[in-house]
Amino acid sequence: MKIHKQKICIIGLGYIGLPAAAMFASNGHKVIGVDINHKVIDALEKGEVIIEEPYLKNMVEQEVILGNLIASKKPQVADAFIIAVPTPLTKDKKADMSLVKKATESIVPYLRKGNIVVLESTSPTGTVKNLIIPILKKRGLKIGEELYVGYCPERVLPGQILFELVNNNRIIGGVNKKSAEKIKDLYQTFVKGEIYLTYTTTAEMCKLVENTYRDVNIAFVNELSKICENIGVDIWEVIKLCNKHPRINIHQPGPGVGGHCLAVDPWFIVEKNPELARIIKLARETNDSMPQFIFNKIEKILKNIKGIKKVTILGITYKANIDDTRESPIINLIKLLEEQNYKITVVDPYVKEFRYKVENVAEAAKDSDLLVLAVNHKDFKDLDFDLIAKKMRNKIILDTRNYFNKNIIENKGFKYYLLGKANE
Ligand SMILES: NC(=O)c1ccc[n+]([C@@H]2O[C@H](COP(=O)([O-])OP(=O)(O)OC[C@H]3O[C@@H](n4cnc5c(N)ncnc54)[C@H](O)[C@@H]3O)[C@@H](O)[C@H]2O)c1
């Protein structure tokens, strides 16, 4: 019989939990993957996955065949429990912790002396202390002495999760030093990056600060792109020149910020510190205003076209080369276009289904008045602009990412507009 290092129960098998489950399984552990979504479990039982992530499918398939990764609807007795369930935003921009609460409650009957419990879900500060611990205490084990508890935020980048799981540096926050060390031993079975130990609330804050840092920086450059349009300066040239300064690193503007992290996590800081988190809140609002800004630009570009206007949107995910549309600002842009009765077609090779989806760009662009490059998927880099030009009713392109080559496009007879540069 195969001897596994430890038995690990991973609760929540999404973008974070499933790669972690496969990684632990391929590093000598027996992993029980638990999910409440029967589609996830049915797929995993067959060694299949329902999310797109490079190399994940093969890894999962192999570990399921080897018997190292087993799907289950319920937790089981194990050595360690890792919680990786979603922490979405409520309508009033608060963290919805109900799934973390349910997931934690679900493991309580299976806890034994010496177990490890790790929260990986991005959570407001104080979650381990004020939400997780009171639930775990119901088992009657001494926290930090008989049950080791901590928070280990995930920093992986979708699209390269399996590489980053191994190579990124990690922070582990324990309820005490012993807990942090126990959790470090567990992750060190595959992590090659540095592992830094701290306490739970600090680790929780680190994760929120990292994402907020990026959101605020993007808001800064999005605001600058609006200002540059107003004063007739090209933001992209400004960024290029400013970034020649040795201590300046301006981010890239775009049609907004989406995803399950950057568009959500800063609100967890605002929620707990409404009076103090002023820049953070304004940054969120600035990034959320970008779909409306792009929509207004589209309206100006197409103002002389009579009748129903058709817009073709290239890309609807929240970032390039992935299938994730959660909190995507492009979806908000599409809603604005719908409200004004635009005819819409969408092309996104990464997204399986979406209303208006057409498989290829030339077909989608048929009779279109405007092509909007919304997401800089690599698939859009070398489009056949001769064919697209023949299909479109009006040859106009709006590039929200500075992705296309203006000269090439203008040589094909298109009018080219760019976010962060005034319409001429
Ligand atoms: N996706 C990312 O890039 C990323 C990066 C860093 C951190 N995070 C954080 O990781 C957490 C998980 O995110 P995700 O992207 O993996 O979410 P996800 O939606 O892809 O997957 C979560 C899974 O948890 C399952 N689930 C929900 N409640 C459950 C329960 N009580 N028991 C068992 N399973 C349950 C869902 O069915 C789903 O399959 C979130 O807090 C997120 O903020 C995500």
Side-chain angles (χ1 to χ4, degrees), residues 9-23 31-44 48-54 56 60 71-76 78 81-90 94-110 117-125 127-128 131-132 135 151-165 168 170-171 203-204 206-212 214-215 257-269 317-328:
C9 218
I10 301 200
I11 320 294
L13 298 174
Y15 287 91
I16 294 305
L18 188 56
M23 191 57 79
V31 177
I32 308 299
V34 182
D35 206 290
I36 49 171
N37 181 346
H38 68 88
K39 281 190 196 149
V40 173
I41 294 299
D42 291 350
L44 188 57
E48 292 169 5
V49 300
I50 62 167
I51 51 172
E52 282 291 329
E53 178 62 33
L56 182 64
V60 166
S72 173
K73 288 184 185 118
K74 280 184 176 173
Q76 297 180 6
F81 297 82
I82 297 176
I83 298 171
V85 298
T87 43
L89 264 190
T90 60
K94 303 260 166 39
D96 175 356
M97 299 306 290
S98 59
L99 298 173
V100 169
K101 185 168 178 277
K102 272 196 201 118
T104 311
E105 284 165 348
S106 75
I107 64 170
V108 170
Y110 306 95
V117 178
V118 187
L119 176 66
E120 278 208 10
S121 306
T122 306
S123 303
T125 49
T127 296
V128 170
L131 178 71
I132 306 277
I135 297 171
Y151 178 67
C152 183
E154 199 41 86
R155 287 168 157 171
V156 289
L157 187 70
Q160 49 194 66
I161 291 181
L162 292 177
F163 174 82
E164 294 210 351
L165 262 179
N168 283 0
R170 291 190 92 108
I171 301 173
E204 289 162 345
C206 286
K207 175 66 194 171
L208 301 183
V209 167
E210 288 162 11
N211 285 343
T212 303
R214 301 198 53 228
D215 195 50
V257 169
H260 193 22
C261 294
L262 265 60
V264 172
D265 304 349
W267 288 115
F268 296 179
I269 299 183
T317 56
Y318 82 85
K319 61 180 274 226
N321 308 327
I322 60 163
D323 69 337
D324 196 342
T325 57
R326 289 179 294 179
E327 316 289 333
S328 169

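Atoms within each ligand, like the ligands themselves, are counted from 1 in listed order.
- The backbone N or O of Asp323 sits nowhere less than 3.5 Å from a side-chain atom of Glu52 that would complete a donor-acceptor pair.
- The protein non-hydrogen atom at the shortest distance from atom 23 (C) of ligand 1 is Asp35 OD2, 3.6 Å.
- The shortest N/O to N/O separation between Arg326 and ligand 1 falls below 3.5 Å.
- Judged purely by atom type and a 3.5 angstrom limit, Ser121 has no side-chain atom pairing as donor or acceptor with the backbone of Ser123.
- The number of heavy atoms from other shown groups lying within 6.0 Å of CZ (Arg326) is above 12.
- Under 4.0 angstrom from ligand 1, the non-hydrogen atoms of Cys261 all belong to its side chain.
- Smallest separation of non-hydrogen atoms from Thr122 and Tyr151: CA-OH, 3.4 Å.
- Listed by chain and number, the residues in a salt bridge (charged side-chain N to carboxylate O under 4.0 Å, His left out) with Glu154 are Arg170 (sequence neighbours excluded).
- Using a cutoff of 4.0 Å between basic side-chain nitrogens and carboxylate oxygens, Arg155 and Glu210 are scored as salt-bridged.
- The protein heavy atom nearest to atom 21 (O) of ligand 1 is Gly14 CA, 3.1 Å.
- Checked against a 3.5 angstrom limit, the closest N/O atoms of Glu154 and ligand 1 fall outside it.
- Protein heavy atom nearest atom 16 (O) of ligand 1, with residue, atom name and distance: Ile16 N, 2.9 Å.
- The backbone of Leu13, and not its side chain, has at least one atom closer than 4.0 Å to an atom of ligand 1 (non-hydrogen atoms only; backbone = N, CA, C, O).
- Remark: Lys101 engages Glu105 in a salt bridge (charged side-chain N to carboxylate O under 4.0 Å, His left out) (not counting sequence neighbours).
- Between Thr122 and ligand 1, at least one pair of N/O atoms sits closer than 3.5 Å.
- Contact detail for Glu120 and Cys152: the closest heavy-atom pair is CG-O, 3.3 Å.
- Ile161 and Tyr15 get closest at one heavy-atom pair: CD1-O, 3.4 Å.
- Close approach of ligand 1 to Ala103 is summarised as follows: ligand atoms under 4.0 Å from at least one heavy atom of the residue are 31 (N).
- Closest to atom 11 (C) of ligand 1 among all protein heavy atoms lies Val85 O, 3.4 Å.
- Polar contact check, Thr87 against ligand 1: a nitrogen or oxygen pair lies under 3.5 Å apart.
- For atom 42 (C) of ligand 1, the nearest non-hydrogen atom of the protein is His260 CD2, 3.5 Å.
- From the protein, the heavy atom lying nearest to atom 32 (N) of ligand 1 is Ile11 CG2, 3.5 Å.
- Backbone and side-chain nitrogen or oxygen atoms of Pro158 are examined, and none is located within less than 3.5 angstrom of a nitrogen or oxygen of ligand 1.
- Taking 4.5 Å as the limit, every side-chain heavy atom of Asp96 sits out of range of all side-chain heavy atoms of Thr87.
- Of the candidates Pro153, Gly12, Pro86, Pro86 brings a heavy atom nearest to atom 27 (C) of ligand 1.
- Where the criterion is an N or O separation shorter than 3.5 Å, residue side chain and backbone included, Lys207 fails it with respect to ligand 1.
- Among all heavy-atom pairs drawn from Ile16 and Ala84, the shortest one is CG2-CB, 4.0 Å.
- Taking atom 28 (N) of ligand 1 as the reference point, the nearest protein heavy-atom neighbour is Ile36 CD1, 3.4 Å.
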